[in-house]
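By convention in this document, chain letters (A, B, ...) are assigned in the order of the sequence lines, proteins followed by strands, and residues within each chain are numbered from 1.
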Amino acid sequence: MNAVVTAQRLPVISLQDVSFSYEGGIEALKRVSLRVAKGEKVAVVGGNGSGKTTLAKHLNGLLKPSSGKVLIGGQDSSRTSVATLARTVGYVFQNPDYQLFCTSVEEEVRFGPHSMGLGRDDESALVERSMKLMGIGHLREQSPISLSLGDRRKVAIASVLATSPEVFVLDEPTTGLDTVESAQLMATLDVLRSEGMTVVLITHEMRLVAQHMDRVIAMSEGSVAFDTEVEEAFSDSDRLRRCKLLAPPITVLAQRLRAQGALSKGAATPLQLVEQVVRVRGERR
Amino acid sequence: MTRFNDLYSEADTFLHRLDPRVKMASVLMLSLLAFIMSSLAYLLVLLTFIFILLLLARSSYRKTAFAMKFVLRFMALIAILWPLFDPSGTPVLIRLGPVVITEPGIWRGLTSAIRVGCLATVWYILIFTTSQRDLVRGLVKLGLRFDFGLALAIALRYFPAFGTVMDSIIDAQRSRGMEFEKGNIFARARKYVAVLGPAIVSALKTADMLALAMQSRAYGARRNRTYLRELRMRLSDYVALATVLAMFVVPAVAKYVLSVPI
């Protein structure tokens, strides 16, 4: 998704000149302005302490800006309760153990829609759908805290998904998941996106960003270092290094092949690289 | 709300340099002294002395303000509520239905408020001028088992971290639509189950991991412990201890042996 295209579409989240300081004066966000449009898949990346989580906590009103304005679904976050904003933005915390307290997985997933006062039928439909999407239906009777980290993370994600938000913010959701579980989670996010949900992913895993996201917002020292589509994001290795980031191996390989004249364009995913190679071979024949 | 990891303020004052055992004994004696005294005038003298010590402790302004805000509010609360609930004595100053306010009630309220002020401030001075490490070392030197001392030190060290975990859990539940501010006191208390559950699980997991990490670093392999810095009483420690002891013993003897009203 091109940033220009995003600017033209109706934003579901809009940050206008937002600054934020924690108590003690640490300025964690410095005049950040951005818009996230409905249906986008946005990755927020950057080194530790760059302001990623602080930015994400502004997206559902957990943190209110020290100056500037955050609009979530048209509502000013400074004047709206987190509970109200939770209907628009679902936030999955990095540590699933901060969320889980019910005696069974099903009860845990039901907690969100039940808090929102949905009817019993709607509630059950959302619970079943969320558990199915996350592949945890077989765990419904089990106690969440007795599960493995990977399964606890799936329960935490399903419990937020069950609130049926328009925007889904996930803070490093693949931590503790094995390769297959990570791939399943990203495939689930692809499904949600295809249904029109907006996904904001905070992550250090550039491979996942390259393969599954449309747009990259890179944070550095509390500011937006760059905000661009994925292919362009990984094209400038110096800029990435300044933001304490590294391009995924496929992108680096494509860049080196391109530098030697073997490719005409870069590539962010294995599929794009194969397409490039096939195209160049076709042209040379 | 402002939160501090530790109220201890690093500084080089005579209070900081005192042996932690002397400081603990002095705080205990000054606290008992506040209970012994029942005269408002003498309690005011004690409070003034304790406030001078507070100034000499040179704690950071923010930490002092944070602590004293609670002390002063609590003192004001006692001074206001005491006369309302203690109508004994004469003369009666105000009579409003069941509420009777007497002059002795007001004096007793002021006396109790200043006594509480002395108690709280003197303990804050101990915390401002003694690091957690020195406090535990002092307790171990006074006979506390090392294991218990270590457990106390770890608990004190993890306390702020636990506060941060609680904040994160509250944020996580608020993100799922929970409104802690709504409902009556029982409804609100019920909502905190969603915070206490994960908090207890998190604390137990941390304790378990910490125990394993300590065992894997050979904790408990040697029975006889040695210390890098041994606590040794110096002349200044003996002088300070003797001064506070005199401050405690003289009024105690005056009141309980000589029956002087202080």
Could you check whether any side-chain heavy atom of S175(B) comes within less than 4.5 Å of a side-chain heavy atom of L62(A), counting everything from C-beta outward? yes
Would the number of heavy atoms belonging to other residues, nucleotides or ligands and lying under 6.0 Å from CZ of F146(B) be above 12? yes
Enumerate, atom names and distances included, each donor-acceptor pair closer than 3.5 Å involving a side-chain atom of residues 198-212 of chain B, sequence neighbours excluded.
unit_1: K205(B); atom_1: NZ; unit_2: D97(A); atom_2: OD2; d: 3.1
unit_1: T206(B); atom_1: OG1; unit_2: S202(B); atom_2: O; d: 2.8

Within a reach of under 6.0 Å around CZ of R140(A), are more than 12 heavy atoms found that belong to other residues, nucleotides or ligands? yes
Pair S159(A)-R176(B), side-chain donor/acceptor within less than 3.5 Å: yes
Would you list the atom pairs, donor with acceptor, under 3.5 Å between side chains in residues 177-187 of chain B and any protein atom, with sequence neighbours excluded?
unit_1: N184(B); atom_1: OD1; unit_2: F186(B); atom_2: N; d: 3.0
unit_1: N184(B); atom_1: OD1; unit_2: A187(B); atom_2: N; d: 2.8

May I ask you to check whether over 12 heavy atoms, not counting those of E221(A), lie within 6.0 Å of atom CD? no
Any donor-acceptor N/O pair, Q99(A) side chain to Q173(B) backbone, under 3.5 Å: no
Which region of Q94(A), side chain (C-beta onward) or backbone (N, CA, C, O), has a non-hydrogen atom less than 4.5 Å from a non-hydrogen atom of chain B, or is it both or neither? neither
If I measure from the heavy atoms of chain B, does F93(A) come under 4.5 Å with its side chain, its backbone, both, or neither? side chain
Just how far is it from atom CD1 of I169(B) to atom CZ of F101(A), taken to the nearest 0.5 Å? 11.5 Å
